[in-house]
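A, B, ... follow the sequence lines: proteins, then strands. Residue 1 opens every chain. Note that the structure is predicted; figures quoted are calculated from it, not measured.
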2 protein chains.
Amino acid sequence: MNAAMKEANAGEGLTERQRAVLEQALRLLVDGGEKALTTAGVARAANCSKESLYKWFGDRDGLLSAMIAFQASKVRTLDVTAETLDGASLGAHLVAFAKDLLEVLAGDVSLALNRLAIGQASREGSKLGHLLQERGRRQIGRRAGALLEAGRKAGLLAFEDAEEAYGALYGLVVSDWHLRMLLGEAPGDMKKDFSRRAEGAVAAFLTLYGTKG
Amino acid sequence: MNAAMKEANAGEGLTERQRAVLEQALRLLVDGGEKALTTAGVARAANCSKESLYKWFGDRDGLLSAMIAFQASKVRTLDVTAETLDGASLGAHLVAFAKDLLEVLAGDVSLALNRLAIGQASREGSKLGHLLQERGRRQIGRRAGALLEAGRKAGLLAFEDAEEAYGALYGLVVSDWHLRMLLGEAPGDMKKDFSRRAEGAVAAFLTLYGTKG
DNA sequence: ATGCCATAGTACCGTACGGTACGGTTCGCA
DNA sequence: TGCGAACCGTACCGTACGGTACTATGGCAT
């Protein structure tokens with residue numbers, strides 16, 4: 001594996017070593033929160049030197065940004081193939097999307113990064129917040145947008161503003177669960193309800209935007 | 001004003017002086033985030049001594065908890081009088097509730113306290129998170145619950161699980177706006193849409209749970 | 001007047017963190 | 001084999017914060 005290969009398959013301009021370091025940093029963040037994410041701690045956990053951290057990422061904020069970008073680069077939302085949709089398959093796709101959304105939001109890495117970005121949102125013009133928004137929400141929003149658009153093209157959904165319809169779907173699926181998990185409510189207690197919750201939310205969404213009613 | 005009076009009209013066991021100090025602490029938090037909320041900074045801003053802070057609130061976490069409890073004690077949700085509801089007044093009440101909800105969530109003190117609690121959620125068993133949840137959400141949830149129950153008693157709403165119906169209303173109203181504001185998106189850009197948003201959400205909610213359709 | 005209590009202001013201490021500098025080691029390459 | 005780059009481990013520095021101690025001051029009751 002030459003240098004070009006190393007740089008290529010990361011999705012970002014990162015070497016394997018740097019990705020391994022970011023992985024350890026994420027682990028630290030998940031386990032102990034932002035307070036545990038010290039430069040010395042990352043260096044110790046990843047068996048690298050602080051000097052290398054500063055050389056690679058500039059400063060602590062650069063490390064945080066790199067962690068967000070790295071995590072986002074790992075979560076690739078596979079685009080739905082534009083197959084022919086009928087009522088049942090649209091419903092199934094929507095339920096699958098809803099479950100995935102809940103699973104992603106309840107993931108410990110996602111929760112930790114959201115907590116990190118929110119905690120830093122007051123200062124620094126919320127740079128991390130915008131990064132997280134851009135890298136995370138845009139991706140999953142596109143998948144939903146494509147799905148909704150396909151449903152409309154197939155005559156199964158009726159809406160004028162796709163953004164509004166997506167907002168309704170998101171709200172029905174997530175409600176205040178995300179905030180509650182961010183505030184510390186154990187996700188473990190909730191995960192068993194994800195399926196039921198996703199199905200109920202999709203049923204309500206189809207009542208609002210489906211053409212069958 | 002005697003000592004008993006001082007203690008009485010706060011809603012918490014706080015003297016006027018202590019409430020004034022907490023007010024300054026909230027101001028500091030709103031302006032500069034958690035990083036700006038140092039014991040020395042609070043003492044300087046409130047013209048009090050650090051020793052008094054520790055005497056009154058124990059330690060820094062006690063100060064944070066007191067800030068949350070104090071702020072919650074200020075926001076009293078006036079319970080709706082159980083008047084006779086018709087379709088129009090129920091809709092108006094729901095829209096008013098939705099607007100209030102959005103206004104509260106977009107308030108800078110609310111955002112700052114939520115950011116604070118979320119930032120500390122990883123460690124300490126999320127004590128602040130539970131406190132915020134208990135003091136804030138329960139209040140507004142009760143108001144919504146009473147309203148929904150009144151609507152059902154009047155034959156205007158149909159639902160089996162009030163919690164589920166409330167979750168749908170909340171999701172339709174808030175969607176991901178709260179998270180976006182927590183991540184730093186300027187609330188100023190959104191506030192002008194609150195009315196339209198509240199009305200649309202209530203219309204969708206009535207489509208789902210109203211008895212007219 | 002006098003003693004008591006609460007509190008402001010300040011000085012102080014220990015610690016922990018961000019960031020830098022330096023010696024020693026490994027590895028690729030000529 | 002020798003050289004240089006990258007990097008690890010550690011030591012170091014300045015700063016800032018949480019928390020404590022001490023003094024001074026003003027009000028209040030006896």
- Please tell me which of Ser49(B) and Lys50(A) maps to the more 5' nucleotide of DNA chain C, matching each residue to the nucleotide holding its nearest heavy atom. Ser49(B)

- Item | Rounded distance [0.5 Å steps], CZ in Arg142(A) versus OH in Tyr166(A) | 11.5 Å

- One would report the end-axis bend of the helix from dA1(C)-dT30(D) to dA30(C)-dT1(D), five pairs per end and rounded to 10 degrees, as 0°

- Message: Please identify the 5'-most and 3'-most nucleotides of DNA chain C with any atom under 4.0 angstrom from a heavy atom of chain A.
- Response: dC17(C) to dC22(C)

- Query: What distance separates Phe194(B) CZ from Leu105(B) CG, expressed to the nearest 0.5 Å?
  - Reply: 8.0 Å

- Query: Are the charged groups of Arg196(A) and Glu199(A) less than 4.0 angstrom apart, N to O?
  - Reply: no

- With sequence neighbours excluded, residues passing ring pair (Phe, Tyr, Trp, His ring centres under 6.0 Å) with Phe205(A): Tyr209(A)

- Query: Between Asp193(B) and Arg197(B), does at least one N-O distance fall below 4.0 Å, as a salt bridge requires?
  - Reply: no

- Message: Closer than 4.0 angstrom, basic N to acidic O: yes or no for Asp176(A) and Arg137(B)?
- Response: yes

- Message: Heavy-atom nearest nucleotide on DNA chain D for Glu51(B) versus Asp59(B): which residue maps closer to 5'?
- Response: Asp59(B)

- Charged N to carboxylate O below 4.0 Å: is that the case for Glu160(B) and Arg152(B)? no

- Just how far is it from atom CG of Leu28(B) to atom CD of Glu23(B), taken to the nearest 0.5 Å? 11.5 Å

